[in-house]
2 protein chains.
Amino acid sequence: MFDAASLSESEKRTDPKIRLEQMLSALRKNDFRITPQRLAVLKILAVSKGHPSAEEIHSRVKEDFPTTSLATVYKTVTLLREIGEVLELGFGHESSRYDGNKPYPHPHVICIRCHRIMDPEIDALTEMSDEISRKTGFEILNHRLDFFGICPECREKE
Amino acid sequence: MFDAASLSESEKRTDPKIRLEQMLSALRKNDFRITPQRLAVLKILAVSKGHPSAEEIHSRVKEDFPTTSLATVYKTVTLLREIGEVLELGFGHESSRYDGNKPYPHPHVICIRCHRIMDPEIDALTEMSDEISRKTGFEILNHRLDFFGICPECREKE
DNA sequence: CTTCATGCAAAACATTTGCAGCTGG
DNA sequence: CCAGCTGCAAATGTTTTGCATGAAG
């Protein structure tokens, strides 16, 4: 698992404890219960620097709370997605990945070899969104920008 | 089915007959056989202005060639994807959609109500790609840029 | 207490695969 | 001919769902 990524990215993350509090408040505000299982999932999401899959979340949650089922993990991330506290990155084939740190659309760079996912700096995206609105008449609510390629480490190994 | 989209998009499409020939040559060049089933799938892809799903392709292919199985459709689009003659647009949940007219990455605008997909004009994407390369050290091979929102028609109906 | 959450197992999907038989070149 | 393709059905892998039991508030 390659979560180390670059320092510049990790530096920008919200402090895990604060992020956890934010997610907890979001649950409370919407009158959802805070169960041990949910708490465990939130903790993983708050602490993860990367973009864990449901399966990954599940196995990590089980360390803390061994009886947690995969279904509960799915129910929890779906709930969090609905209240805007998690970003779901769906890929056609493999399983989805989740980002609990930046639950709003942002670009990704994905290594097709080791599956590491990074969050690069890009601006000019809201402008692009506006441009699309103007040209197509769509009301743009959301977007997704992913780049696929080979990360420096995997390129070295070639 | 809302394939009419905007004139400016459809005007840019390659003529279906030419596109079909291109796909056929690609198959021949790679020593793949041209079977009636494959021909039927190619025809649908060449003629479609939109972004049909495997299921849609299948039901349209069956009109011409009733015994064609869904598995063959999948095998064919997968083959075409591998030789770069079709772009697969995978969505986490629902089924993938395929574009046989512009088999290279390009932005999409997707209506979350009627599921119409349009191809807007955007430049500045290759620049963006280069910027990412420079900043992350990734070798960028591919990308995906999708905007989600509500199309003018669906907005009127509200 | 009562409503909502959990966990299991089963269902629901889209997609892939194994394989016997068929067919394009 | 015969390697490669088809079509069926079964397998796969992820995500969802129904429902009885359990726990949060």
Side-chain angles (χ1 to χ4, degrees), chain A residues 23-45 51-59 61-83 85-98 115, chain B residues 23-44 51-83 85-98 115:
Chain A
M23 293 196 267
L24 286 170
S25 328
L27 283 183
R28 281 190 276 260
K29 184 171 55 191
N30 294 79
D31 286 314
F32 292 115
R33 290 185 185 159
I34 291 162
T35 63
Q37 294 89 335
R38 281 183 181 168
L39 186 58
V41 171
L42 297 202
K43 275 184 185 165
I44 302 299
L45 287 171
H51 301 71
S53 65
E55 200 62 68
E56 279 166 3
I57 296 170
H58 181 224
S59 63
V61 162
K62 277 199 298 188
E63 292 170 12
D64 264 18
F65 218 89
T67 68
T68 311
S69 72
L70 184 55
T72 295
V73 172
Y74 273 110
K75 283 167 185 163
T76 304
V77 292
T78 302
L79 178 64
L80 289 170
R81 192 221 300 145
E82 279 163 1
I83 63 176
E85 291 298 319
V86 131
L87 180 72
E88 183 177 350
L89 264 189
F91 300 98
H93 325 295
E94 317 128 60
S95 55
S96 289
R97 306 279 215 99
Y98 301 90
H115 298 109
Chain B
M23 293 196 268
L24 286 171
S25 326
L27 284 184
R28 280 191 277 260
K29 184 170 54 189
N30 295 78
D31 286 313
F32 291 116
R33 290 187 185 161
I34 292 162
T35 64
Q37 295 90 332
R38 282 183 181 168
L39 185 58
V41 171
L42 297 203
K43 275 184 186 165
I44 302 299
H51 302 71
S53 66
E55 200 63 68
E56 278 166 4
I57 296 170
H58 181 224
S59 63
R60 296 227 256 150
V61 162
K62 277 200 298 189
E63 291 168 14
D64 265 18
F65 219 88
T67 68
T68 312
S69 72
L70 184 55
T72 295
V73 172
Y74 274 110
K75 283 166 185 163
T76 303
V77 292
T78 301
L79 178 64
L80 289 170
R81 191 222 300 144
E82 279 164 0
I83 62 176
E85 291 298 318
V86 132
L87 179 71
E88 182 176 351
L89 264 189
F91 300 98
H93 324 296
E94 317 127 60
S95 55
S96 289
R97 307 280 216 99
Y98 301 90
H115 299 109

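Residue numbering restarts at 1 for every chain, and letters A, B, ... go by the order of the sequence lines.
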### Message
For a 4.5 angstrom cut-off between non-hydrogen side-chain atoms, does A/Thr76 reach A/Thr35?
### Response
no

### Query
Between A/Pro36 and A/Glu88, which has a closest nucleotide on DNA chain D that is more 5'?
A/Glu88

### Message
With a 4.0 Å cutoff (strictly under), does any side-chain N or O of B/Arg33 reach OP1 or OP2 of D/dT6?
### Response
no

### Summary
Rounded to whole Å, the CZ-C1' distance (A/Arg38 to D/dG25) equals 13 Å

### Query
From D/dG25, D/dT15, D/dT6, pick the nucleotide closest to the side chain of A/Ile34?
D/dG25

### Task
Verify the contact: side-chain N or O of B/Thr67 to OP1 or OP2 of D/dT6, cut-off strictly under 4.0 Å; return yes or no.
no

### Query
Taking atom types as modelled and ignoring hydrogens, do the side chains of A/Glu88 and A/Ser96 form a donor-acceptor contact shorter than 3.5 angstrom?
yes

### Message
Could you tell me how far apart B/Asp31 (CG) and C/dG24 (C1') are, to the nearest whole angstrom?
### Response
13 Å

### Task
Take A/Leu42 and A/Leu80 through the test side-chain contact (heavy atoms from CB on, under 4.5 Å) and record every step on the way to the result.
CA-CA 9 Å; A/Leu42 297 202; A/Leu80 289 170; 3.4 Å; yes

### Message
Tell me whether the side-chain N/O atoms of B/Thr72 come closer than 4.0 Å to OP1 or OP2 in D/dG7.
### Response
yes

### Task
Measure the distance from CD on B/Glu55 to P on C/dA12 and round it to the nearest whole Å.
16 Å

### Task
Round to the nearest Å and state the distance from A/Phe65 atom CZ to D/dA23 atom P.
9 Å

#### Entry: Proximity to the side chain of A/Thr35 - top-ranked nucleotide from C/dG7, D/dT15, C/dT6
C/dT6

### Any B/Ser96 side-chain nitrogen or oxygen under 4.0 Å from OP1 or OP2 of C/dT15
yes

Between the protein and nucleotides 17-22 of chain C, which nitrogen or oxygen pairs come in under 3.5 angstrom?
{"residue": "C/dG18", "atom": "O6", "partner": "B/Lys75", "partner atom": "NZ", "Å": "3.4"}

### Whole angstrom value for the distance that separates P of C/dA14 from CZ of B/Arg97
13 Å

### Message
C/dG7, OP1 or OP2 - any side-chain N/O from A/Gln37 closer than 4.0 Å?
### Response
yes

### Query
Can you find a side chain N or O atom of A/Ser95 that sits less than 4.0 Å from OP1 or OP2 on D/dG13?
no

### Task
Grab the CD1-P distance between B/Ile57 and C/dA14 for me, whole Å please.
14 Å

